[in-house]
Amino acid sequence: MANTIPNPTLLQKNLLKWFDQYKRDLPWRRTRDPYAIFVSEMMLQQTQVKTVIPYYKRFLQRLPDWKSLAKANEEMVLKLWEGLGYYRRARNLMAAAQKIIRDYDGELPDTMEKILEIPGIGPYSAGALLSIAYQKPYPVVDGNVIRVFSRLFLLKGNLKTGKGHKKVWEWAHKLISHQRPGDFNQAVMELGATVCLPENPQCLLCPLLHLCPAARQGLQTHFPQAAKPSVTAEVSMAALFIGRSGKALVKKRSQDEKWLKGMWEFPSAEGKSFEDALRKLELDLKVKAGREELLEVRHQITHHKIRLRFFRATPPHPGPLLDGFKWVKLSGLRRLPFASAQGKLRKWLLDNDA
DNA sequence: TAGGCGTGGAG
DNA sequence: TCTCCAAGCCT
């Protein structure tokens with residue numbers, strides 16, 4: 001079957017009309033403030049809309065403009081970010097604010113060249129900021145755009161990297177609306193997030209159904225084509241819960257660790273088995289642990305599936321605290337975190353950490 | 001270029 | 001329970 005190319009004008013018109021009628025009411029769509037839009041874009045990197053909303057509101061309430069963010073202390077910014085993940089984004093956000101105050105007199109620049117120099121801003125975010133905050137006709141490509149375009153244009157192969165990815169950008173450049181670039185970009189993403197879903201795409205609700213060759217051929221779930229399956233390794237870890245008078249001992253991970261460098265965790269170790277890991281811990285900390293498993297927590301970190309089992313241990317002999325350890329106050333542990341932001345513990349732990 | 005970086009939603 | 005992957009960036 002011929003790969004018919006949808007008419008760009010028609011595509012824009014249908015999509016924008018649908019967007020006007022069905023777009024979600026999101027807090028960052030109620031402002032034109034480049035700062036607020038910038039914050040939202042940083043938070044939205046690899047993070048779902050629903051997750052971001054409460055963080056976004058709290059962040060803007062506490063740090064409403066470039067100036068307040070630029071002079072904020074890092075502990076406070078990380079605290080506001082706690083639980084969102086990818087903590088480098090929080091530091092980049094601060095660095096961005098400082099740069100904008102220092103180099104641009106407190107105004108987000110409006111050229112691609114300058115925007116790309118801002119820490120934490122790559123091709124996607126630059127396009128989003130220029131189109132949404134400044135109505136400039138730059139496209140965006142994210143996971144949604146890849147999925148929508150792969151179906152609309154029957155794009156084959158891996159579209160996340162290399163030539164395939166470049167192809168998606170070329171389509172995005174061709175299709176961007178010059179009248180309403182910000183709305184067009186958001187509309188494609190909105191369609192991907194609410195209608196053109198990875199599984200069970202809602203084609204009957206799609207404003208582009210009549211333009212979509214994948215849907216016409218019943219191939220919508222065959223696009224985008226699956227990337228090569230990633231090999232994941234299974235890792236066994238043991239962790240110690242060492243409590244004393246309402247407090248628990250936590251440890252800062254070293255910079256030599258494979259993951260979560262510099263983050264706080266309950267003392268843990270890897271091993272060939274849980275027992276093996278537990279013995280290492282006992283040896284390292286010079287403590288004796290019980291063999292009764294308190295809890296098993298599972299974690300996914302790039303290409304690793306981790307099972308972390310917690311065991312109770314009696315506190316080490318009181319004396320000077322070892323370097324990199326500290327006691328945190330806990331009243332009740334409902335969930336045990338694996339590790340957390342640099343110098344911080346995850347919120348359900350800090351809730352109890354007066 | 002591929003791997004590291006966090007957490008949680010959803011099927 | 002398991003898997004996939006989300007408004008990506010950096011090295």
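Just so it is clear, the values below take in all heavy atoms, side chains as well, and ignore hydrogens, waters and symmetry mates. A, B, ... follow the sequence lines: proteins, then strands. Residue 1 opens every chain.
The shortest distance between the side-chain N/O atoms of A/T51 and the OP1/OP2 oxygens of C/dA6 is not below 4.0 Å. Taking only side-chain nitrogens and oxygens, A/Q45 never comes nearer than 4.0 Å to OP1 or OP2 of C/dG8. A close approach under 4.0 Å does not occur between any side-chain nitrogen or oxygen of A/R88 and OP1 or OP2 of C/dG8. For the OP1/OP2 pair of B/dT7 and a distance below 4.0 Å, the side-chain nitrogens and oxygens of A/Y87 include at least one atom meeting the criterion.
We find that CZ of A/R24 is positioned 14 Å from P of C/dA6, with the value rounded to whole Å. Across the protein-nucleic acid pair, A/M43 atom CE and B/dG6 atom C1' stand 14 Å apart, rounded to whole Å. Per the geometry, CD belonging to A/E82 stands 16 Å off C1' belonging to B/dG8, to the nearest Å. Between the OH atom of A/Y86 and the C1' atom of B/dC5 there is a distance of 5 Å, rounded to whole Å. Per the geometry, CD belonging to A/Q48 stands 8 Å off P belonging to B/dG9, to the nearest Å. Distance, A/M42 CE to B/dT7 P: 17 Å, rounded to whole Å. Rounded to whole Å, atom P of C/dG8 lies 11 Å from atom CH2 of A/W169. Put simply, CG on A/N144 is 8 Å from C1' on C/dA6, counting in whole angstrom units.
A cation-pi arrangement is present between A/K174 and A/W171, with the terminal nitrogen or guanidinium carbon under 6.0 Å from the aromatic centre and inside a 45° cone about the axis.
Side-chain N/O atoms of A/N144 and A/R147 include a donor and acceptor closer than 3.5 Å.
Within 4.0 Å of A/W28, counting heavy atoms only, lies at least one base atom of the nucleic acid. As judged by a 4.0 angstrom heavy-atom cut-off over every strand, A/E199 is placed among residues making no nucleic acid contact. At the heavy-atom level, A/P123 lies under 4.0 Å from the strands shown only through sugar-phosphate atoms. At the heavy-atom level, A/R147 lies under 4.0 Å from the strands shown only through sugar-phosphate atoms. Counting any heavy atom pair closer than 4.0 Å across all strands shown, A/I121 reaches sugar-phosphate atoms only and no base atom. Using a 4.0 Å heavy-atom criterion, one finds that A/S40 contacts no nucleic acid atom at all.
For the pair A/G120 and A/L26, both in contact range of DNA chain C, the more 5′-proximal nearest nucleotide belongs to A/L26. A residue-by-residue look at A/R89 and A/T161 shows that A/T161 has its nearest nucleotide of DNA chain B further toward the 5' end. Mapping A/N200 and A/G162 onto DNA chain B by nearest heavy atom places A/G162 at the nucleotide closer to the 5' end.
Comparing atom distances between the A/S125 side chain and each of C/dA7, C/dG8, B/dG6 picks out C/dG8 as nearest.
For C/dA7 and B/dA2, the C1' atoms lie 23 Å apart once the distance is rounded to whole Å. Taking atom C1' on both nucleotides, C/dC4 is separated from B/dG6 by 15 Å, rounded to a whole Å.
Between the side chain of A/R102 and the backbone N or O of A/I100, no donor-acceptor pair lies under 3.5 Å.
Between A/Y55 and A/F59, a ring centre-to-centre spacing not shorter than 6.0 Å is recorded.
For A/T47 against B/dG8, a side-chain-to-base donor-acceptor contact under 3.5 Å is absent.
A salt bridge is absent between A/E282 and A/R279; no separation between the charged side-chain nitrogens and carboxylate oxygens falls under 4.0 Å.
Within a 6.0 Å radius of NZ in A/K99, more than 12 heavy atoms belonging to other residues, nucleotides or ligands are found.
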